[in-house]
Amino acid sequence: MSSKPSISERALAGLTGPGMAEAPARFVDEAPAYLEGLNAEQREAVLTTDGPVLMLAGAGTGKTRALTTRLAHLLFTGRARPSQILAVTFTNKAAREMKLRVGALIGDSVEGMRWLGTFHSIGALILRRHAELVGLKSTFTILDADDQARLAKQVIEVADLDEKRWTGRNLAMTIDSWKNRGLTPDKVPASEAWNFADGKGIELYAAYQQRLKMLNAADFGDLLVHNLTIFQQHPDVLADYQSRFRYMLVDEYQDTNVAQYLWLRLLAQKHKNICCVGDDDQSIYGWRGAEVENILRFEKDFPGAKVIRLEQNYRSTPSILAAASGLIHANKARLGKTLWTEQREGENVKIRGVWDGEEEARLIGDDIEAEQHKGRPLSDMAVLVRASYQMRAFEERFNTLGVPYRVVGGPRFYEREETRDALAYLKLIRSAEDDLSFERIVNKPRRGLGDKALTTLHTLARANGVTLIAASRLALETDDLHASARKSLAAFINSLDRWSRDARDMPPADIAELVLEESGYIDMWKTSKSAQADGKIDNLKELVQAASEFETLEAYLDHVALVSELSESAEGGQVWLMTLHAAKGLEFPVVFLPGWEEGIFPSQRSLDEKGAAALEEERRLAYVGITRAEESCRISFAANRQIYGRWQSAIPSRFIDELPEEVVDVISQPGLYGAAATNFAAHSSFDGAKLKEDAYYDNPGWRRARAASARPQTAAPLIDAKAQTVSVSAPGKSKFAIGARVFHQKFGYGKVVSAEGQKLTVNFDHSGPKKVIDTFLDAS
DNA sequence: GCGCAGCCCATTTTT
DNA sequence: TGGGCTGCGC
């Protein structure tokens, strides 16, 4: 990240100078240095500053570069001051990277970009300034998913519902989905009350919001929904922000939900300089409320919008791009892009069918070792799975091989039990209103204050309309509690008071350490026989360490509320293992994509729940997977697999069949397909059930696999055919008319019989009708 | 109030 | 198959 001094100097000069509304002349006459190395579309994306812009950035097309340069350009040319730009991302990581890279261009003045951050962090910032408008105090706490579920559970308890049938987590999810759509309880359509608890859904939602208000708390969804309420009810506040944000930039626009969309629309109304960056083909969070629709109808929402497509890919080989493009072409709901690359060489995408999941893990392990022996660093390779339960097989294999690996995702640092406990102590010290935190740690470590004592306190609190801490003080004056419990509670409350006092003039790390020691919390784990205890103690130390980077306890806790990751220790020398979702935005030279079987990927459960739309989303997920690969992409499927301890057989994923044959090598295992039926019967745990051979073979994936094993593996690489890459998508028109004679590198001469966009069916003289993509053909 | 045995269930999860 | 929760027995 080296910044070019000359540019930084210019930036600072420009930024500090008065009257910076006009662009300095030198930028008009000659292209500024920061545009160097950008391709034509990236440049356009940078220079089209005014009016709505949709930057459709395909995978690996240098999106971040275009986007950060655009920000720098706005600042350099004096179009906006750092504080007049709103730049939103979804993840803290993306925000951090953007800030870093803009900083490299413009220097220290990036610190003035106060409105660069995640939707939630900016929402929180705005909400703190106007909290009283929605009945909160500016010191409100932010609840995470776990708190949310616990609060929802309490609401269900109070409503006296069957808690087995209606869980807190379910209610929290229902409420979340309403919030994702920007709906406050009064706006939820009455018919949707039935989404939960036999018509009580909306009531419960309202009760939940009421509880939040009492706790002076907001959940993640509220950070945006409260913003919307404020904007709608207080036009003066909205107008203020509308004027302030002269330019807006939104990353990963395809992942926005309705609430975020409304928020953006409201804020963009005045200047209308909104630039949304995204890729409809990489929208994979529909199940969390993301609406691909938002990006698909951008041009309607913002009339006069300019759409700029970044299509030159700098990441992958032609075959990988062709495979990904061919696959995604099967989707209907998309804007359509044509990715291409200047790269010419590259191996085909490899597809391997194996007997079972164990073998799959073994072969991938072997491949990884082979690559390693060729000198490839382990961290250049990644195994990407659909769901985390698929990871275990690989972890086991890597462990036996002694291959170091690293799992991304999983329980996040700030969501772990011990971290949350420790934070609950700190939150309670900061704010005595935090009943959820009180409940969490009042008996951790054990203080003899269990369910019974807690119920007593709850009753007292409710009767007097006070917090649990206040109720505790009352209880100490009465004999509602057993003498032993009372004694213990008194000591606990005493400690809390003392820590609160100490907290006033101690740095956060010292308070954290003190509290963890004095409360006996650390000791609880030190004396624990649990196998995880050591890890937990380490985590607690890390937490104290993390706190030392903050000046105040408030600053630290606010940071923690919105950030789930501790800054990652970048260790090389490990294979990556993660879900496809977690891999979005990353890239690796070698990518393994196991488990491409019907039912697993696409996931049967998704399909059952949401049907065709889900299938498209699964396909986008597959697209994301393939496009992570720079040099080598290896897909595999297993005929049999143990899932939840039960053997199941599966047919290859339909996605395999959607990959263009030209760029794919199928590595079949001798005997697997030919003898499949008999083998299957012999090994099957199905009690001798005879397989219907026809049904077994009659699916495209197996047909292809079998065809491939029959065909000699000459593997004549189709470098010329795929050289200029590649595929094609949505309603484009083919350059070949129906009936035209064409030539294909692999299949020879033929005649076009039908066309669907750029996907043609060609009747080849020698091999009969096949579906091929326009770009693989030459006129004959 | 605590601990353990048996039971149930099982995606993806930016904040 | 294994992790998390509940309910029972102490």
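Every chain is numbered from 1 and lettered A, B, ... according to where its sequence line falls, protein lines coming before strand lines.
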Respond yes when some side-chain nitrogen or oxygen of A:Asn180 is under 4.0 Å from OP1 or OP2 of B:dT15, and no when none is. no
State whether a side-chain donor-acceptor pair under 3.5 Å links A:Tyr253 with A:Asn294. no
Would you mind classifying the nucleic acid contact of A:Ala145 as base, sugar-phosphate or nothing, using non-hydrogen atoms under 4.0 angstrom? nothing
Per nearest nucleotide of DNA chain B, the residue lying toward the 5' end, A:Thr118 or A:Gln604, is A:Gln604
Could you tell me from which nucleotide to which nucleotide of DNA chain C, 5' to 3', there is an atom under 4.0 Å from chain A heavy atoms? C:dT1 to C:dG7
Side chains of A:Arg265 and A:Tyr261 only: does a donor on one sit below 3.5 Å from an acceptor on the other? yes
Rounded to whole angstrom units, what separation is found between the CH2 atom of A:Trp263 and the P atom of B:dT15? 16 Å
Expressed in angstrom and rounded to an integer, what is the separation of A:Asp176 atom CG from B:dT14 atom C1'? 13 Å
A:Arg646 near the nucleic acid: base, sugar-phosphate alone, or nothing, with a heavy-atom cut-off under 4.0 Å? nothing
The complete set of side-chain hydrogen bond (donor to acceptor under 3.5 Å, both in side chains) pairs with one or both residues in residues 483-493 of chain A, sequence neighbours excluded, reads none
Nearest to the side chain of A:Thr91, heavy atoms from C-beta on, is which of B:dC2, B:dT12, B:dT14? B:dT14
Expressed in angstrom and rounded to an integer, what is the separation of A:Leu580 atom CG from B:dT14 atom C1'? 15 Å
What is the separation between atom CE on A:Met391 and atom C1' on B:dA10, rounded to the nearest whole Å? 15 Å
When you look at A:Asn257 and A:Tyr285, which way does the side chain to side chain donor-acceptor pair (under 3.5 Å) test go after all the steps? CA-CA 9 Å; A:Asn257 61 32; A:Tyr285 284 102; over 6 Å; no
Quick one about A:Trp263 and A:Asn227 (side-chain donor to acceptor, distance below 3.5 Å, no hydrogens or angles considered), yes or no? yes
Could you work out, with salt bridge (Lys or Arg N to Asp or Glu O under 4.0 Å) as the rule, every residue matching A:Asp144, not counting sequence neighbours? A:Arg420
Starting from C1' on B:dA10, measure out to CD on A:Gln648 and report it in whole angstrom. 12 Å
Report which part of the nucleic acid A:Asn92 touches: base, sugar-phosphate, or nothing (heavy-atom distance under 4.0 Å, all strands). sugar-phosphate
Euclidean distance, atom OH of residue A:Tyr414 to atom P of B:dT14 [Å, nearest integer]: 15 Å
Ignoring hydrogens and angles, tell me if any N or O in the side chain of A:Glu598 forms a donor-acceptor pair with the backbone of A:Arg654 under 3.5 Å. yes
Nearest-Å distance for atom pair CZ/P, residues A:Phe90 and B:dT15: 11 Å
Contact class for A:Lys452 vs. all strands (heavy atom < 4.0 Å): base, sugar-phosphate, or nothing? sugar-phosphate
For A:Glu609, report the nucleic acid contact type (base, sugar-phosphate, nothing); a contact means any heavy atom under 4.0 Å. base
Given B:dT15, B:dA10, B:dT12, identify the nucleotide with an atom nearest to the side chain of A:Ala387. B:dT12
With a 4.0 Å cutoff (strictly under), does any side-chain N or O of A:Arg169 reach OP1 or OP2 of B:dT13? no
A:Asp144 has an atom CG; how far is it from atom P of B:dT14, in whole Å? 12 Å
Which nucleotide in B:dC2, B:dT15, B:dT13 has an atom nearest any side-chain atom of A:Ala582: B:dT13
Specify whether A:Tyr205 and A:Trp178 have parallel, tilted or perpendicular ring planes, treating 30° as the upper limit for parallel and 60° as the lower limit for perpendicular. parallel
Check for me: is A:Trp287 stacked on B:dT12 by the 5.5 Å centroid and 30° plane-angle rule? yes
Return the nearest nucleotide to the side chain of A:Tyr644; candidates are B:dT15, B:dA10, B:dT12. B:dA10
So CG of A:Leu215 and CG of A:Leu143: to nearest 0.5 Å the spacing works out to 7.0 Å
If you assign A:Leu607 and A:Ser121 each to the DNA chain B nucleotide with the nearest heavy atom, which residue ends up on the more 5' nucleotide? A:Leu607
Identify whether any heavy atom of A:Ser603 sits under 4.0 Å from a base atom; if not, whether one sits that close to sugar-phosphate; answer base, sugar-phosphate or nothing. base
Which one, B:dC2, B:dT15, B:dT14, comes nearest to the side chain of A:Tyr285? B:dT14
Can you check the distance between B:dT12 and C:dC5, where both ends of the measurement are the C1' atom (answer in whole Å)? 23 Å
